[in-house]
Amino acid sequence: MENKKSKREVILQAATKVFSTKGYHNTRMDEIAIEAEIGKSTIYEYFNSKLQLFQEMMEASFQIYAQKMMKNRTEDLSFEEKFLLLIEGHIQFCKENKELTRIVFWDTEIIDEDLKEWSYVMRKIRQDKMFEIVQTAIDQGELKPIDPKLFTFIMTGIIASLWTPITLEDWDVDAGQLAVEITDIIMNGIKA
């Protein structure tokens, strides 16, 4: 059983590498098999189709991302502290997992309808969690009464926009320092 799990992980890692460089549509299963150093038929022992492999790889990617983002217990933290950790975790994830980042934030827009729907659901879950954090901060008086949905869109937009320069342009930035700067701008504004 352990052997099957490790082979499955090897396939998922190879899929991540190939999908992130070639995209979903341009990737062939035999390319993943070559990268994993296994036979193509072995992939089909674990995954019924390229779509299923991609979906499971994406789900594993989202799990890694979520774990990185929420590695610290945040219940007792202020909104500002949570936001800082969220930004820092996102930046660090992008720096440490460039191949996964390309897939999580880039390739999902050019895939088939089933995968688009699945990706939308995953994004909606993350967005709902962000909304909950914002609404709680408003309810507790940490944030002024603002439209929590609009602020959630703004926050997720900021977070999502960071992956491009970090992943595609190799922007070498200190995650903690950048998180502090972004948090300061969000919490204190840009007005002199």
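Given the structure is predicted, the values throughout are model-derived calculations rather than measurements. Counting from 1, the numbers follow the sequence of the chain as shown.
- The number of heavy atoms from other shown groups lying within 6.0 Å of CD1 (Ile190) does not exceed 12.
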Legend entry - Pair Gln92-Glu88, side-chain hydrogen bond (donor to acceptor under 3.5 Å, both in side chains): steps then yes or no: CA-CA 6 Å; Gln92 201 59 42; Glu88 185 175 5; over 6 Å; no

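- A distance of 13.0 Å separates CD in Glu31 from NZ in Lys17, rounded to the nearest 0.5 Å.
- Heavy-atom contacts from other residues, nucleotides or ligands closer than 6.0 Å to NZ of Lys50 number more than 12.
- The hydrophobic clustering, which links ILVMFWY residues whose side-chain heavy atoms are closer than 4.5 Å, places Phe131 and Ile87 apart.
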Legend entry - Intermediate values then yes/no, side-chain hydrogen bond (donor to acceptor under 3.5 Å, both in side chains), Gln13 and Thr16: CA-CA 5 Å; Gln13 288 173 350; Thr16 299; over 6 Å; no

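- The aromatic rings of Phe151 and Phe79 sit tilted relative to each other, their planes meeting at an angle between 30° and 60°.
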Legend entry - Evaluation steps, side-chain contact (heavy atoms from CB on, under 4.5 Å), between Leu12 and Tyr46: CA-CA 10 Å; Leu12 287 169; Tyr46 297 89; over 6 Å; no

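- Ile158 and Val180 fall into different hydrophobic clusters, where Ile, Leu, Val, Met, Phe, Trp and Tyr side chains are chained together by heavy-atom contacts under 4.5 Å.
- Annotation for Glu37: atom CD does not count as buried by contact number, only 12 or fewer foreign heavy atoms lying within 6.0 Å.
- Contact annotation: the side chain of Thr136 never approaches that of Glu142 to less than 4.5 Å [non-hydrogen atoms, C-beta and beyond].
- The hydrophobic clustering, which links ILVMFWY residues whose side-chain heavy atoms are closer than 4.5 Å, places Leu84 and Phe93 apart.
- Using a 4.0 Å cut-off between charged side-chain N and carboxylate O, Lys149 and Asp147 make no salt bridge.
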Legend entry - Leu51/Gln55 under side-chain contact (heavy atoms from CB on, under 4.5 Å): CA gap, chis, key distance, verdict: CA-CA 6 Å; Leu51 178 63; Gln55 285 176 320; 4.1 Å; yes

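- Under a hydrophobic clustering in which Ile, Leu, Val, Met, Phe, Trp and Tyr are joined whenever their side-chain heavy atoms come within less than 4.5 Å, directly or via other members, Ile34 and Ile11 fall into different clusters.
- With a 4.5 Å cut-off on side-chain heavy atoms, Tyr44 and Leu53 do not count as touching.
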Inset, instruction - Apply the test side-chain contact (heavy atoms from CB on, under 4.5 Å) to residues Phe83 and Ile182: give CA-CA distance (whole Å), side-chain angles for both, the deciding distance (0.1 Å), then the verdict. - result: CA-CA 9 Å; Phe83 187 69; Ile182 292 170; 4.2 Å; yes

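- A search for side chain to side chain donor-acceptor pair (under 3.5 Å) contacts involving Asn48 returns nothing, not counting sequence neighbours.
- No continuous path of ILVMFWY side-chain contacts below 4.5 Å connects Phe153 to Met130, so the two sit in separate hydrophobic clusters.
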